[in-house]
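Computed over heavy atoms, backbone and side chain alike; hydrogens, waters and symmetry mates excluded. Note that the numbering runs from 1 along the sequence shown for the chain.
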Amino acid sequence: MAAYISVPRDLTRVKSKVFFNLTKRQLICFGTAALIGVPSFFFIKQIGNVSLAAMYMIIIMFPFFMLAIYEKDGQPLEVVGKHFIQSKFVRPKIRPYSTNNYYIVLAKQHQLNKEVDAIVLQKATADTTSKNACKS
């Protein structure tokens, strides 16, 4: 009997592992969680009991674990959060559909050209009548 290895079909989702089968992002987030959570555990343990310190340590370390692990549609948690904040709070709720009609732009340009031609023609006729008046 031969051993089988599962190969993912989508190779873009494969991430390079650095240490202990963790990605660099996960190592940084877990390390940061440990650097903040463990000293807080010992500090809170001096003030209260061990179970209270353990609960606070879990609460403090949880956001870093979520940053390391959570991923939706190939995007990490901070990108998903940024999109959520933009869609709910920053961008307007009603987005009207509007297009730029190229033919309206051409019609306006044609109208402006006609107005300019009329002004130039009027100025040219005024100049010729003033020259004729000066000659006589």
Side-chain angles (χ1 to χ4, degrees):
M1 186 150 88
Y4 292 100
I5 298 172
S6 63
V7 178
R9 293 180 184 221
D10 187 11
L11 295 178
T12 58
R13 293 186 160 227
V14 175
K15 295 181 179 159
S16 61
K17 308 296 184 185
V18 178
F19 190 63
F20 288 130
N21 205 21
L22 297 172
T23 63
K24 185 169 52 171
R25 175 186 180 84
Q26 290 170 340
L27 284 174
I28 291 170
C29 289
F30 290 153
T32 306
L35 286 174
I36 293 173
V38 173
S40 68
F41 170 78
F42 289 115
F43 177 71
I44 296 170
K45 189 174 89 168
Q46 291 175 353
I47 298 170
N49 58 8
V50 176
S51 62
L52 179 69
M55 285 301 290
Y56 275 112
M57 182 182 74
I58 291 170
I59 291 169
I60 291 170
M61 294 172 77
F62 184 73
F64 296 104
F65 287 138
M66 288 302 293
L67 285 172
I69 295 173
Y70 185 80
E71 197 172 87
K72 182 177 181 180
D73 297 328
Q75 296 179 343
L77 180 63
E78 65 270 9
V79 175
V80 173
K82 177 184 165 192
H83 292 312
F84 177 78
I85 289 170
Q86 282 184 352
S87 67
K88 293 292 180 184
F89 304 113
V90 177
R91 294 188 181 137
K93 301 292 182 237
I94 299 172
R95 299 185 316 174
Y97 178 76
S98 64
T99 60
N100 293 330
N101 191 344
Y102 185 65
Y103 297 108
I104 292 175
V105 174
L106 287 176
K108 284 183 182 179
Q109 185 63 39
H110 179 69
Q111 182 65 28
L112 290 173
N113 287 341
K114 283 175 52 176
E115 289 176 10
V116 168
D117 290 341
I119 292 171
V120 168
L121 182 63
Q122 183 183 11
K123 184 155 177 103
T125 56
D127 287 343
T128 56
T129 55
S130 66
K131 285 182 184 177
N132 290 339
C134 291
K135 287 182 183 177
S136 55

Output side-chain donor-acceptor pairs under 3.5 Å for residues 38-46, partner residues at least two apart or in another chain, one line each.
{"unit_1": "S40", "atom_1": "OG", "unit_2": "I36", "atom_2": "O", "d": "3.2"}
{"unit_1": "S40", "atom_1": "OG", "unit_2": "G37", "atom_2": "O", "d": "2.6"}

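Once rounded to the nearest 0.5 Å, the distance linking CD of E71 with CZ of R25 reads 8.0 Å.
In the hydrophobic clustering of this structure, I69 groups with M61; members are Ile, Leu, Val, Met, Phe, Trp, Tyr whose side-chain heavy atoms approach within less than 4.5 Å, directly or through other members. Under the 4.5 Å side-chain heavy-atom criterion for ILVMFWY residues, no single connected hydrophobic cluster contains both L121 and I119. The cluster map of Ile, Leu, Val, Met, Phe, Trp and Tyr, joined by side-chain heavy atoms under 4.5 Å apart, puts F84 and V79 in different clusters.
Here I28 sits alone; no ILVMFWY side chain lies under 4.5 Å from its own, so it joins no hydrophobic cluster. Clustering of Ile, Leu, Val, Met, Phe, Trp and Tyr by side-chain heavy atoms under 4.5 Å joins V105 with none of the others. Grouping Ile, Leu, Val, Met, Phe, Trp and Tyr residues whose side-chain heavy atoms lie under 4.5 Å apart, directly or via other members, leaves L35 alone, with no other cluster members.
With sequence neighbours left out, Q122 forms a side-chain hydrogen bond (donor to acceptor under 3.5 Å, both in side chains) with no residue at all. Annotation: ring pair (Phe, Tyr, Trp, His ring centres under 6.0 Å) contacts of F30 (sequence neighbours excluded): F65. A search for side chain to side chain contact (heavy atoms under 4.5 Å, CB included) contacts involving M66 returns F62, Y70, L77, not counting sequence neighbours. Judged as a side chain to side chain contact (heavy atoms under 4.5 Å, CB included), and not counting sequence neighbours, D117 has no contacts. The side-chain hydrogen bond (donor to acceptor under 3.5 Å, both in side chains) check on Q75 picks up nothing, with sequence neighbours excluded.
The minimum heavy-atom distance between P63 and I60, with the atom names listed, is CD-O, 3.4 Å.
Listed by first and then second residue, the side chain to side chain donor-acceptor pair (under 3.5 Å) pairs involving residues 97-112 are Q109-N113 (not counting sequence neighbours).
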